[in-house]
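Note sheet for the following structure.
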Amino acid sequence: MAIMSFIFVFFFLSSLQPILSLYEDQVGLMDWHQQYIGKVKQAVFHTHKTGRKRVVASTEQNIIATLDLRRGEIFWRHVLGPNDVVDGIDIALGKYVITLSSGGSILRAWNLPDGQMVWESSLHGPKHSKSLLITTNLIIEKDNVLIVFSNGRLNAVSCIDGEVLWKRDFEEESLEVQQVIQPAGSGFIYVVGFAASSQFEMYKINAKNGELLKHESTVFSGRFSGEVSLVSSETVVALDSTGSILLTISFHNGKISSQQTPVSNLLEDSPGLAVIIHSSITGIFAIKTDAATIFIRVIGEGKLEVVEKTNHETVVSDALSISEGQQAFALVQHAGSNIHLTVKPAHNWDSNLLKERIKMDQQRGFVHKVFINNYIRTDRSHGFRALIVMEDHSLLLLQQGAIVWSREDGLASIIDVTTSELPVEKAGVSVAKVELNLFEWLKGHVLKLKGTLMLATPEDIAAIQYMRLKSSEKSKMTRDHNGFRKLLIALTRAGKLFALHTGDGRIVWSNLLQSLHKSESCRQPIGLNLYQWQVPHHHALDENPSVLVVGRCGPSSDALGVLSLVDSYTGKEFSSLCLVHSVAQVIPLPYTDSTEQRLHLLIDADKHAHLYPKTPEAIDIFQSEFSNVYWYSVDDDNGIIKGYALKTKCSGIVADEFCFDSRELWSIVLPSESEKIITTATRKLNEAVHTQAKLIADQEVMYKYISSNLLFVATVAPKASGEIGSVTPEESWLVVYLIDTVTGRVLHRMTHHGSQGPVQAVLSENWVVYHYFNLRAHRYEMSVIEIYDQSRADNKDVWKLVVGNHNLTSPVSSYSRAEVITKSQSYFFTHSLKAIAVTLTVKGITSKQLLIGTIGDQVLALDKRFLDPRRSVNPTQAEREEGIIPLTDSLPIIPQSYITHSLRVEGLQSIITVAAKLESTTLVFAHGLDLFFTHYAPSRTYDSLTEDFSYALLLITIVALVAAIFVTWILSQRKELQDRWR
């Protein structure tokens, strides 16, 4: 009986452990998920006494969001469509967030506490125009009214239900409305603007019914340019087209009067070209020149007076009403590593309501925007808080001379990502310091055992959580033996580099690159790509890895290039270079020098090749491989694909010993009237192919066509290059090519009639998977093409592979005309795709899976076996044993296959996969507006235990088993002795 009881308890404990391990494994799959909103362009504070204080923001990424004013956390957010650009936001009735978007065509009201949409109105008009949103205290038939000007039409819209109460068209083709003004307490509205760039127009509208009360105009000898600045309810200021004359225009009581003042009269030195800074401060406006920012007061009959001139970079906020008839505004100026925040009353420039100096991280750059809000202190005086947007797109709240919170919203606009290994853990440095002593180790596992048996008290559970956090190795700054801990190095649109730790997603370092900073020599710097520059293997303890940042000084491909080298461990920019040539293409070469710096070839717009690093050793290595360097270019607009090789050293202006001319080897010209290139794909440079041969069910060997020079190209009919459904199936077709980029040979061509893009594709090993829309079936499809090498037909005997009598190691040339065969198949797929990637592992046992970024901003894992072109309706027994899945017309969507689980990566743009050292696991990083990182095991973690594996339970089980064996042996001996006595 005792033995039976022990066996029952043993099996009970044994069954608990797998369940616990499985649960912990599922929870541990997702490492971290971070949410961002992007660069803020408009912000409105909501700080009423009732309810939580918050700020409503719209961003350049077309996001509407509300943030907690205490911590900066997101209460709610809505991501609008790529064409639904936000033109204006405001708060109405204290409970609605009002947004104007889509070029002024859509007006929405959102519930402030939870973000639910209350109503939506479409505001169309006779022509495209500037969009303006004005919240007023105007009431029409008990309705609070919003005034909206958009699409050449002035609308009065109810705040309650979005109904348009009245509208008035401004159909004059040349009229450009600049401002819509409702003087406080009046029953009319001014609409002012320019006609034909030289005529000022003023319309006076009845606010109750939209009736035109008065229309006046006046003509100027010059032409207007840029924005106008509103300095009062009946006065605006504008610049002429030369930027040298200020025009002060008043329309008091509907009568237009003006005053012209040369900018040079206000400044002693030559100001250069002036630009008006947008603001809404009563009686004051600002202009910016190349050398300074000038603040000017409007006095008397359009007369102007300079109140201050500053040479510092200055940002001005909009006016804030702090009491009846009083306004305040903020100035932010830079001074070294500090910023000066000054709040002034609009009526008295010489006095300050607030003056603070805040120490600011120089890696954030300059302040781009500032928004202010006031509150009442305990002594009944006015206090102020400022929300500032920095050059690196970060968002900070300042109050009482300190940074209350900050958000790194620049990470919402990542351009490129690469990875870097962490430092090697040096012997005797950290192991003895961080490991728990034996007593604590035993105590921890006893607590875990109590948790497993559901005997843990709340205090025990808290202790378990604390010990897990304390002993967690995820966030260490050293390498781990499984290769899970790495640095994700991301380049953002603001020109800033971030290093994120894969363990917990924290920012290890960040650097706003000086090479991508606006300067005299580089007016419009743009970051392009990241590349691994130096990856020390032999000197990993002594040298740090580094990355290469490539940019250029303008959006065009012929703009001059910029290079920067950054230390991967510290973020220090130890070298930067402004190039004398453009950068149209970057080719990382498979060669390194003695310091393990990787050679790179930069191709300029004239197809000259420039070698970096520019060292004698690099040129020697490159010269020895000169004849083996090939590349290609794709001209999407003209439908031309060309292949190149090196010729001789350059001659001309850019000539040096590291510059080489190129020669055209081949070209493919696609017919422009029937095909337009929309997508290309190549294999990843770091992808390892683990086996060249594939053994199929009938014991035949098929050899994969493995080539790093394989290019996938997808083209569509020119008419079908627009949105889905813009053409009929008869007018649309999709053509795909597989091209050898060394010889220009088209290895495979296939046409999908009645199909349309967009096309998402991934190329791996000897196969390509691509996704498109089938107009005839009104469904998305995914197709797969596998390509095999028939030139090694004499190696199809399996025994030759076993005993080694094969020629797999014989030299292979890209110029040898390989005989290839392809297998293909198409399947219906219910989702639209945003991105597609493939899992990478260090060895070939783990099955390949496709990671699909869906239209719902989630990442779905799909086994490559579902996209096997050899699938059939009734596979043979041998094919089933091989793993062939029976054919169905559509690909399955398994809810458990979403590796993002219930989370969404808003605005998903790209999925990056990196092989870990552990064979079963791939590191997956998805980014868009949000960031998501996880460890993913396509074939489960068959080669590792979970972090929370209960070694104590295992030890107790083993001890109990040994004791049971010993007790059973003693009982057996006793029973045998008793039997003999009988």
Side-chain angles (χ1 to χ4, degrees), residues 39 60 243 269-275 277 286-294 309-316 332-340 360-370 388-394 410 413-416 489-498 509-531 533 546-567 571-584 586 602 604-605 610 612-614 653-654:
K39 185 180 181 181
E60 293 181 356
D269 51 349
S270 176
L273 184 65
V275 177
I277 299 175
I287 61 173
K288 186 175 183 179
T289 67
D290 294 336
T293 301
I294 304 101
K309 174 188 172 184
T310 175
N311 296 324
H312 296 291
E313 189 77 19
T314 306
V315 181
V316 187
V332 179
Q333 296 178 329
H334 282 266
S337 60
N338 298 317
I339 63 170
H340 294 281
M360 186 64 62
D361 182 3
Q362 291 184 320
Q363 296 303 326
R364 296 191 183 278
F366 294 117
V367 176
H368 275 193
K369 290 180 182 291
V370 58
I388 59 173
V389 183
M390 304 299 292
E391 184 180 355
D392 67 345
H393 299 184
S394 60
S413 55
I414 290 177
I415 296 173
D416 199 10
I489 300 179
L491 175 65
T492 67
R493 187 162 53 89
K496 190 170 186 177
L497 270 185
F498 289 89
W509 55 259
S510 61
N511 187 350
L512 187 64
L513 299 176
Q514 289 302 311
S515 57
L516 296 180
H517 193 76
K518 185 177 179 180
S519 62
E520 289 292 333
S521 59
C522 192
R523 289 287 187 178
Q524 196 177 354
I526 297 173
L528 297 177
N529 295 105
L530 281 173
Y531 300 91
W533 177 257
S546 57
V547 294
L548 170 67
V549 184
V550 180
R552 60 179 172 224
C553 295
S556 62
S557 60
D558 58 352
L560 296 182
V562 176
L563 298 184
S564 180
L565 297 178
V566 180
D567 189 305
K572 180 182 178 182
E573 186 178 11
F574 60 85
S575 179
S576 63
L577 183 63
C578 293
L579 307 181
V580 295
H581 59 80
S582 59
V583 179
V586 180
L602 274 60
D604 63 23
H610 304 266
Y612 291 88
K614 292 189 173 184
I653 299 175
V654 295

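Keep in mind it's a predicted model, so treat the numbers as computed, not measured.
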Whether the side chain of Arg552 engages the backbone of Val583 through a donor-acceptor N/O pair (distance < 3.5 Å, no angle test) should be reported. yes

Can you check whether Ala605's main-chain N or O pairs, donor with acceptor, with Asp558's side chain at less than 3.5 Å? no

To the nearest 0.5 Å, how far apart are [atom1] in [X] and [atom2] in [Y]?
X	Y	atom1	atom2	value
His334	Thr314	NE2	OG1	9.0 Å
Arg364	Ser510	CZ	OG	7.0 Å
Ser413	Lys496	OG	NZ	11.5 Å
Leu560	Cys578	CG	SG	8.5 Å
Glu60	Lys39	CD	NZ	5.0 Å
Ile526	Ile415	CD1	CD1	8.5 Å

Partners meeting side chain to side chain contact (heavy atoms under 4.5 Å, CB included) with [X] (sequence neighbours left out):
X	value
Ile277	Ala286, Lys288, Thr293
Tyr531	Asn529, Leu548, Val550, Val586, Pro588, His600
Gln524	Pro555
Ala335	His340

Which residues satisfy the salt bridge (Lys or Arg N to Asp or Glu O under 4.0 Å) test with Lys572, sequence neighbours excluded? none

Closest heavy-atom contact between [X] and [Y]?
X	Y	value
Pro525	Leu516	CG-O, 3.2 Å
Lys369	Val315	CA-CG1, 3.9 Å
Ser582	Ser557	CB-O, 3.5 Å
Ala494	Leu512	O-CD1, 3.6 Å

Taking the side chain as everything from C-beta on, heavy atoms only, tell me whether [X] gets closer than 4.5 Å to [Y].
X	Y	value
Leu530	Leu497	yes
Leu579	Leu602	yes
Thr492	Asp392	no
Leu563	Trp533	no
Arg493	His393	yes
Ile339	Ile388	yes

Is the Cys553 SG less than 2.5 Å from the Cys522 SG? yes

Output all residues satisfying ring pair (Phe, Tyr, Trp, His ring centres under 6.0 Å) with His368, sequence neighbours left out; order by chain, then residue number. none

Would you sort out whether Trp509 and Asp567 count as a side-chain contact (heavy atoms from CB on, under 4.5 Å), showing the intermediate values? CA-CA 11 Å; Trp509 55 259; Asp567 189 305; over 6 Å; no

Does Glu391 come within less than 4.0 Å of Lys518, counting only side-chain N to carboxylate O? no

Polar contact flag, side-chain donor to acceptor under 3.5 angstrom, Ser515-Glu573: yes

